[in-house]
Number of protein chains: 2
Amino acid sequence: MVASNPRAPLSARATATRQRILDAALVEFAEKGLAGSRVDEIAARAGANKRMLYAHFGSKEELWLVVLEGAYAAKREEERQLDVASLPPAEAMTRLVAFNLRYTSRHPEFVALLNQENLHRAAYLRRSEDVPALYSPMLEALKGVLERGAREGVFRGGVDAMQLYISILGLGHFYVANRHTLSTIFHTPLDTEAAIAAREAHISDVVLGFLRP
Amino acid sequence: MVASNPRAPLSARATATRQRILDAALVEFAEKGLAGSRVDEIAARAGANKRMLYAHFGSKEELWLVVLEGAYAAKREEERQLDVASLPPAEAMTRLVAFNLRYTSRHPEFVALLNQENLHRAAYLRRSEDVPALYSPMLEALKGVLERGAREGVFRGGVDAMQLYISILGLGHFYVANRHTLSTIFHTPLDTEAAIAAREAHISDVVLGFLRP
DNA sequence: CCGGTAAGTAACCACCCAGTTACCTGGGGA
DNA sequence: TCCCCAGGTAACTGGGTGGTTACTTACCGG
């Protein structure tokens, strides 16, 4: 975590202005992407000014990286709350799947940020100093549930956890990321609660249906 | 289709320069997004010049829309080739699923374009005059296969075709769209042929496993 | 040979925008 | 009191950046 050590350079301190700039940048970046965002606009939204933005972050691109790392950290944090080890495997799996879709649809900014970063071929993320910290606790939880389910005979065995993890992410992420083009094509709103609940039910069906022994 | 009527305005004619500009724009837009792309760069890549670009397309944003429509059309065109009605349901389904992943991974520009357009909340697509043409023939094929499979007793019934269609798209699209961040996090290359084949096998497993009666 | 038109060249305009700088303010600690 | 420093204001710089225009070239059909 960022220390508030008064001897640390401003760029590493946790101050109110810094946080407001981060919040504003998250919104702006998610809406318009890195190239489409304007530094002046971010500063204005934050009720701050460019001078402080540059004092804290040094450049637009550094700010992007910090925002991106923060978005990952926020998701990891919520994932860590997910206590799934004590539930029966099928229920645990449903919870993992549902959590993922719900988090994703509650945080379309995260989706937008990820998409953008992939457009950049993860150039900024690769530069991050704590890439290992990006590794999700949810993948570990998933592995545990898969093993337990197979042992108890309620899931099929031999499932590749990483592939399934990517699938669970993708089933939710794609829906949220592409809701605008999809709903244009299908002439159906996709971000109502009813639509999201239907999607949740479907994704659960797919994953649990697949895992049947 | 675009006519080559010599009385039509330049902006609606199919000329060599126009096509080269479109090709160049596809590459540039996919690499850098709409805001990140430079009109001068597109013209240069096309071996053309800004003057002709503006004569044909009027603005950067109009060019974006034409490129996007073209990308959809190209995918629809290949989907139309997919003859799946004569195959047994399970095989037909495998083919639909595999086609989707393979097309997606052969055309990451399409993925990049879609992601960008969703960042813009489909603002350009909505303005398109032939949105209905975006509707995929693959969805119809999928419906047919689902019904046939259920009738023959090899698939479960009551499957929502649109949800499954979105899932099939998503299982491939997410993998391709996010391959850079995913491979950074997992320290594993994801765009080798072996990795793609593994993904294909997994997606097939998931979909067919889910569809078991 | 002539008129029409696709295509090219290069300069130009009016902003835009990341990043910098000089100077100011207000509060808290020694 | 005085210094330190987070934060603020506003102007400026320099390299873009979308879009336009005047002028030229080359080809093709009548």
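Reckoned from all heavy atoms, side chains included, excluding hydrogens, waters and symmetry mates. Just so it is clear: chains get the letters A, B, ... in the order the sequence lines come, proteins before strands, and each one is counted from 1.
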Contacts of A/Lys75 that satisfy salt bridge (Lys or Arg N to Asp or Glu O under 4.0 Å) - sequence neighbours left out: A/Glu79
Spacing between A/Arg18 atom CZ and D/dC5 atom P, to the nearest angstrom: 18 Å
To the nearest angstrom, the CE-P distance between A/Met52 and D/dA6 comes to 7 Å
It should be established whether A/His56 places a side-chain nitrogen or oxygen under 4.0 Å from OP1 or OP2 of nucleotide D/dA6. no
For atom CG of A/Leu53 and atom P of D/dT9, their distance in whole Å: 14 Å
Which part of the nucleic acid does B/Gly47 contact within heavy-atom distance under 4.0 Å: base, sugar-phosphate only, or nothing? sugar-phosphate
Find the distance B/Gln19:CD to C/dA6:P and express it as a whole number of Å. 17 Å
Could you tell me which residues satisfy salt bridge (Lys or Arg N to Asp or Glu O under 4.0 Å) with B/Asp40, sequence neighbours excluded, listed by chain and number? B/Lys50
Salt bridge (Lys or Arg N to Asp or Glu O under 4.0 Å) against B/Glu28, all qualifying residues, sequence neighbours excluded: B/Lys32, B/Arg45
Under the side chain to side chain donor-acceptor pair (under 3.5 Å) test, which residues partner B/Asp23, sequence neighbours left out? B/Gln19
Please report, rounded to the nearest Å, how far the C1' atom of C/dA6 is from the CZ atom of B/Arg20. 11 Å
Quick one: stems involving DNA chain D, counted as three or more successive Watson-Crick or G-U pairs, both distances short of 3.5 Å. C:1-30 with D:1-30
We want to know whether B/Ser128 and B/Glu69 form a side-chain donor-acceptor pair, criterion being a heavy-atom distance below 3.5 angstrom. yes
What pairs meet the salt bridge (Lys or Arg N to Asp or Glu O under 4.0 Å) rule with one or both residues in residues 194-208 of chain A, with sequence neighbours excluded? A/Arg102-A/Glu200
Taking only nitrogen or oxygen atoms into account, show me every contact under 3.5 Å that the protein makes with nucleotides 18-24 of chain D, one pair per line with its distance.
residue	atom	partner	partner atom	Å
D/dG18	OP1	B/Ser37	O	3.2
D/dG18	OP1	B/Arg38	NH1	3.1
D/dG18	OP1	B/Lys60	NZ	3.1
D/dG18	OP2	B/Val39	N	3.2
D/dG19	OP2	B/Tyr54	OH	2.7
D/dG19	OP2	B/Lys60	N	3.0
D/dG19	O5'	B/Tyr54	OH	3.4
D/dG19	N7	B/Lys50	NZ	2.7
D/dG19	O6	B/Lys50	NZ	2.5

Rounding to a whole Å, what distance do you find between A/Asn49:CG and C/dT25:P? 15 Å
Does B/Arg38 have any salt bridge (Lys or Arg N to Asp or Glu O under 4.0 Å) partners at least two apart in sequence or in another chain, and if so, which? none
For B/Asn115, side chain to side chain donor-acceptor pair (under 3.5 Å) partners two or more places apart: B/His173
Pair A/His202, B/Ser167: side-chain N/O donor-acceptor within cut-off below 3.5 Å: yes
Write down the distance between CD (A/Glu62) and P (C/dA18), rounded to a whole number of angstrom. 16 Å
OP1 or OP2 of C/dA7 sitting under 4.0 Å from any side-chain N/O of B/Thr17? yes
